[in-house]
Every structure is written in structure tokens, then in C-alpha cells.
Amino acid sequence: MPFSSLGLSPALLSTLVEQNYTKPTPIQETSIPAILSKKDVLGIAKTGSGKTAAYVLPILMNLQQSVLVKNRQANVLVLVPTRELAEQVKDIFKIFSKALPQPVKTLAVYGGVSINPQMMALQGVNVLVATPGRLLELLDANSVQLSAIETLVLDEADKMLNLGFKEEMNKILAFLPEKRQNILFSATLSTDLENINQILLHYPVVIKIADDELSLDLINQVAYIVSPEKKGPFLRHLISQQKMKQVLVFASSVQQVDAIVNKLCKNKIDAKSIHSKKSHGNRTDTLTLFKAGKLRVLVATDLMGRGIDINFLPFVINYELPRSPKDYVHRIGRTGRADAPGEAISLVSPDELHHFEVIQKKMGKKVEIRETEL
Ligand code: ADP
Ligand code: MG
């Protein structure tokens, strides 16, 4: 479904084109109409699935119908856990506000910087993006009022509703009018979230985009037929030919993982392993290096790979296929997101071909299989 069928105005549609948002992501497709019709929404979709625009676009649409008061009474409050996210969300609101006929003023407030400039800037703000601590300070100082809030958003709602923020959240909720639209977005549906959404949401529309369904569309999958003894050289060829800078390689056993790392290092390709025989400290160090982009190749078993919580990787390689189709989807799900498709490459030996057929059937997707010349 194109953005133009979702009920957005021409001004927003033209900014979407300008921003190269060609079509809505699954969470956007379902959330936008629900938020436009002023419903409470609980949206769950993995990191990178475009949750910000999923609420920013319909909120801006709805604000165009509101009478925007020009004092210290914001219309929309977005609560976020960190200063970085506050800035990011504010930027998205600004980008999409640009072309609107009725101007919308957005401000981000957060701690760790001086409060005075924020106090001054609050005049005439329509959309306030805030971390809870700083918002409470501003409320204490009477610099902002929340009595006109029409819409409350909790971004990264699982974090906003966990114990660390609980006291602050309760205080803030007491300032808000009871009649309002509540919107919660989160990458995970944690127990914190399940408990508190009963209090916070009135007959919410619950939208949950399954990880696998979503990520698969954003991943370019390809397989190469390679005999077991050629897999080592072919892996090195792939890494250098495609100039991979950060790649996660999966293999089936601890021994195999170590053998792959040895071979890569001998060939001067920077690689380390992560598996159950390594100490916890060693695994953490390796992972930190890899996440920081200071390690080119990380080779892992399925068990360890599951704990690798990196939001986006450009490349995942299956040196061998996993036994279960589920593990295959887990492995490749580490790559691909709305603005940057990832690549999942499988090295399939001739006797794994039948198993690969089974995996493709189970995931409901055909993968292009290429012959290799090596
Ligand atoms: P999330 O909050 O779900 O982790 P974000 O809202 O931060 O995801 O979006 C991730 C990236 O995808 C951003 O860079 C954003 O600009 C981009 N993006 C979002 N929606 C689309 C879309 N429909 N088309 C293309 N890129 C998009
Ligand atoms: Mg987000």
C-alpha cells in the first residue's frame, strides 16, 4: 500500500518523496490510520522498522486540525529514555513539519545541559519531546503546562515503563489530562509493558509486527553452491571482493568456528570467535570490539550468536546451514532495516541443498542460488 492511501496530506506526501521514503514499512502501514482516527495504539516492531515516522506523520496530520495555542501549553508530549533519542525524534518532527500549512513548533528537552535555554524555548511549543527527569524539573519550575496535552507518546515504551522510570512516569502522568490519546511504541513486548498498558491505554489497537515477517523483506538473501573444502577460500574471496568491513559468520560447531578464525587470521583478515568455550570476559571484549566496528569478522555458533544484540549488520554469512529453519531466520534477522537493506549469504554444499530447500519452504521465501567458479 502506498503512503498516498493512508490519509496523509499532500504536504506530508511531498516531504516523504523528498526523504526517499518510497513505501510505508509494515508498522507504518497499520499504525498511521489507527493514530489518525485518534485511537490508542500499542505498536511493537523491531528496531529499525520505522516506528518514529509511524507516529510522527499521523500526529502532525491531527495537529493540523487542532487549534494550536501559543503559550506554554504543548499539545503533544513524546517521552523518550535518552537525550540522543530526544534529538532524533525532534529532528523527524521538524523534517515533516516543514511543508505544513499550519506551522508546528517542536522542542526537545533533556538533562545534562543547562535548563534556562530550554525554559525560554518552551514558549509556543506544540510538540514537546522530553526525557522524564528534565520534564519534571521544568514542571516544578512552572515552565510548561501539560493540561492541554491531546496526545501522549512513549517511545521505547518498554524502557519508559520499567522500574527505573516508574516514579518519574507516575508523577508526569498526574499532570496529564485524563482524556487523551495514548501511543506506545516498543521493539519488545516486555512484561513491564504488558502490566502497565492496561492503565495507560483505553481499548488500544495493538499492532505487533513479527520480527521475521518484517526483516525478511529487507534482507537480500543469496546462496552459493560451494563444496566443503572450498568454503574457506570462498569466504575470504567474498569478504575481500565485497569489501566487507563488518561481517558476522555462523558455523555449526566450536571446532569449526575456531578453524575458520585461524584460516582468516593466517590470510591477514582480522577475525575473532565467540563460542561457549570462551570465557565470559573474552566474549564481552570481542563483542565490544565488533560492535565498535574495530573487528572485521566475528565468527559464532548459533548459541552465542543469539546473544549478539546488534541492531544492524550489513552482512551475515552462513558458513554452514543451521539445522533448524528457525535458526536460519534468527541468524539472518541481524541484518536489514528500513533504510539499509542487508545481505545474508549462505555457503551451501551440494549435500546441504536438500536441507536448504526445506529452510526456504519453511520461511516461505525463495532464495537465489548461484553457482561458483572457485
Ligand atoms: P525504529 O524506531 O523502529 O528503530 P526508526 O524510526 O529510527 O526505527 O527508523 C529507522 C530508519 O529507517 C531511519 O533512518 C528512518 O529514516 C528510516 N525509515 C523509516 N521509515 C522509512 C520508510 N518508509 N522508507 C524508507 N526509510 C524509512
Ligand atoms: Mg525508535
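By convention here, the first residue in the shown sequence is residue 1. We count ligands from 1, going down the list as the structure has it; atoms in each ligand are counted the same way.
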Peer 1: Give the contacting part of Phe3 toward ligand 1: side chain, backbone, both or neither, where contact means a heavy-atom distance below 4.0 Å.
Peer 2: side chain

Peer 1: With a cut-off of 4.0 Å, which atoms of ligand 1 are near a heavy atom of Lys23?
Peer 2: 22 (C), 23 (N), 24 (N)

Peer 1: Would you please say whether a donor-acceptor pair under 3.5 Å links the side chains of Gln64 and Gln102?
Peer 2: no

Peer 1: Report the part of Lys46 in contact with ligand 1, treating N, CA, C, O as backbone and CB onward as side chain, heavy atoms under 4.0 Å; options are side chain, backbone, both, neither.
Peer 2: backbone

Peer 1: Any atom of ligand 1 sitting under 4.0 Å from a heavy atom of Ala45?
Peer 2: no

Peer 1: Are Glu150 and Gln181 close enough that a side-chain donor and a side-chain acceptor fall under 3.5 Å?
Peer 2: no

Peer 1: Could you tell me, atom by atom, which parts of ligand 1 come under 4.0 Å of a heavy atom of Thr52?
Peer 2: 2 (O), 5 (P), 6 (O), 7 (O)

Peer 1: Using a 4.0 Å heavy-atom cut-off, say whether Gln88 meets ligand 1 through its side chain, its backbone, both or neither.
Peer 2: neither

Peer 1: Using a 4.5 Å cut-off on heavy atoms from C-beta on, say whether the side chain of Val297 contacts that of Lys272.
Peer 2: no

Peer 1: Checking the N or O distance criterion of under 3.5 Å, is ligand 1 in contact with Lys51?
Peer 2: yes

Peer 1: Can a side-chain donor-acceptor contact be found between Ser147 and Gln73 if the only test is distance below 3.5 angstrom?
Peer 2: yes

Peer 1: Between Tyr110 and Glu87, does any side-chain donor sit less than 3.5 Å from a side-chain acceptor?
Peer 2: yes

Peer 1: Classify the ring geometry of Phe356 against Tyr328: parallel below 30°, tilted from 30° to 60°, perpendicular beyond 60°.
Peer 2: perpendicular

Peer 1: Flag Thr22 as yes when one of its N or O atoms lies below 3.5 Å from any N or O atom of ligand 1, and as no otherwise.
Peer 2: no

Peer 1: What do you reckon, does Thr47 have a nitrogen or oxygen under 3.5 Å from a nitrogen or oxygen of ligand 1?
Peer 2: no

Peer 1: Before we go on, tell me: are the rings of Tyr319 and Phe250 under 6.0 Å apart, centre to centre?
Peer 2: no

Peer 1: Using a strict 4.0 Å cut-off to heavy atoms of Ser49, name the atoms of ligand 1 that fall inside it.
Peer 2: 1 (P), 3 (O), 8 (O)

